[in-house]
Amino acid sequence: VLIVVGLIVARRSSASSLDSFKNVVVTRCETYLKENSDMSGKNDCEIIWGAFEQAYIGKDPCDVPPDAYDPLINSVKQDLACNTMLFWSKTKTMVHAFTDNRDCLVTLEDTLLGFLFDGLTWCSKNESKETFTTDCPSCQNNPVRSFWIRTSANFAANLSCGNVSAMLNGSLEAPFSSTSVFGSVEVKNLDPDKVAGLTVLLVTKDTDTTTCNHSSLNMLQSTLDTKIAYNCRKVPYSTVEGCISDPEIPCSDCL
Ligand code: N1C
């Protein structure tokens with residue numbers, strides 16, 4: 001009897017860790033579609049979950065390449081208004097504090113795909129049907145890293161249009177890094193037939209010495225397709241802080 005009870009408890013607990021992960025994703029999905037009702041007819045949370053799962057379930061957690069997520073990308077239907085896309089690098093917390101109360105700018109995490117998986121960890125194992133949410137390896141082709149690479153490429157290549165922006169950290173030695181997701185994936189995937197310009201918003205504190213003339217930003221400009229206009233502007237950290245604490249201040253007064 002004890003063995004049977006033990007087996008039931010073991011089965012339940014392994015099933016419930018998957019169930020709770022799936023639950024988090026599907027609940028986020030339903031919440032998002034409720035808030036963005038124009039998308040709800042075209043998107044199905046169970047189909048999106050199925051397309052997501054098949055990218056990594058049963059696979060070696062170091063052998064999930066970015067293109068494993070192609071079916072997931074294709075399962076989501078979303079359009080964004082041009083001129084609103086905001087990229088970021090090493091400014092995540094500030095950027096989201098800013099965009100959470102405002103519709104004028106949209107980050108990847110404000111799109112359905114980014115919203116579903118932001119902050120989550122997942123992997124499986126060879127021939128396993130399970131999803132693990134802890135102890136996932138940090139190798140090159142791990143499921144989480146490949147997901148962000150693939151979704152970021154899609155955000156830049158297929159969703160971005162008009163004049164787009166990137167919020168970079170002026171308190172760092174080098175505000176632009178060519179090995180970041182922004183530098184290695186997004187900048188290279190902007191479509192010069194759709195994107196007219198990229199403006200760097202260099203968020204700077206009074207004590208910072210980094211300017212738009214920093215050599216790493218010259219590198220960013222030279223990586224960019226010559227058909228895309230490049231601009232850079234310093235934005236005082238205090239202005240961004242003020243706009244975070246008062247959502248009534250119009251976007252045009254913030255950036
Ligand atoms: O490597 P980064 O930043 O330059 O990537 C940021 C860049 C943004 O413009 C986003 O569109 O790439 C996109 N992106 C995410 O939206 C995202 N959400 C969460 C990239 N990475 C994202 N993450 C996780 O943060 C992910 O695990 C990745 O490795 C970090 C990147 O943070 P970063 O170095 O500050």
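When a ligand or atom number is given, it counts from 1 through the structure's own listing order. Please read these numbers as outputs of a predicted model, since none were measured by experiment.
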Between the protein and ligand 1, which nitrogen or oxygen pairs come in under 3.5 Å, and how far apart is each?
residue: ligand 1; atom: 1 (O); partner: Val181; partner atom: N; Å: 2.7
residue: ligand 1; atom: 4 (O); partner: Ser89; partner atom: OG; Å: 2.7
residue: ligand 1; atom: 4 (O); partner: Ser180; partner atom: OG; Å: 3.4
residue: ligand 1; atom: 4 (O); partner: Phe182; partner atom: N; Å: 3.1
residue: ligand 1; atom: 9 (O); partner: Trp88; partner atom: N; Å: 2.9
residue: ligand 1; atom: 9 (O); partner: Trp88; partner atom: O; Å: 3.1
residue: ligand 1; atom: 9 (O); partner: Glu186; partner atom: OE1; Å: 2.6
residue: ligand 1; atom: 9 (O); partner: Glu186; partner atom: OE2; Å: 3.4
residue: ligand 1; atom: 11 (O); partner: Glu186; partner atom: OE2; Å: 2.6
residue: ligand 1; atom: 12 (O); partner: Glu186; partner atom: OE1; Å: 3.3
residue: ligand 1; atom: 12 (O); partner: Glu186; partner atom: OE2; Å: 3.4
residue: ligand 1; atom: 16 (O); partner: Glu109; partner atom: OE2; Å: 2.5
residue: ligand 1; atom: 18 (N); partner: Glu109; partner atom: OE2; Å: 2.4
residue: ligand 1; atom: 34 (O); partner: Lys90; partner atom: NZ; Å: 2.5
residue: ligand 1; atom: 35 (O); partner: Lys90; partner atom: N; Å: 2.9

Exercise. Can you tell me which residue pairs pass the ring pair (Phe, Tyr, Trp, His ring centres under 6.0 Å) test with a partner in residues 136-165, sequence neighbours excluded?
Key: Tyr69-Phe147, Phe87-Phe155, Phe117-Phe147, Trp122-Phe147
Quiz item: Who pairs with Lys227 by salt bridge (charged side-chain N to carboxylate O under 4.0 Å, His left out), at least two apart in sequence or on another chain?
Solution: Asp193
Quiz prompt | Asp135 atom CG, neighbour heavy-atom count above 12 within 6.0 Å | solution = no
Quiz item: Which residues satisfy the side chain to side chain donor-acceptor pair (under 3.5 Å) test with Arg28, sequence neighbours excluded?
Solution: none
Self-check item: Separation of SG atoms, Cys243 and Cys254, below 2.5 Å
Solution: yes
Practice problem: Show the numbers, then the answer: is there a side-chain contact (heavy atoms from CB on, under 4.5 Å) between Thr223 and Gln221? | Solution: CA-CA 5 Å; Thr223 314; Gln221 182 170 11; over 6 Å; no
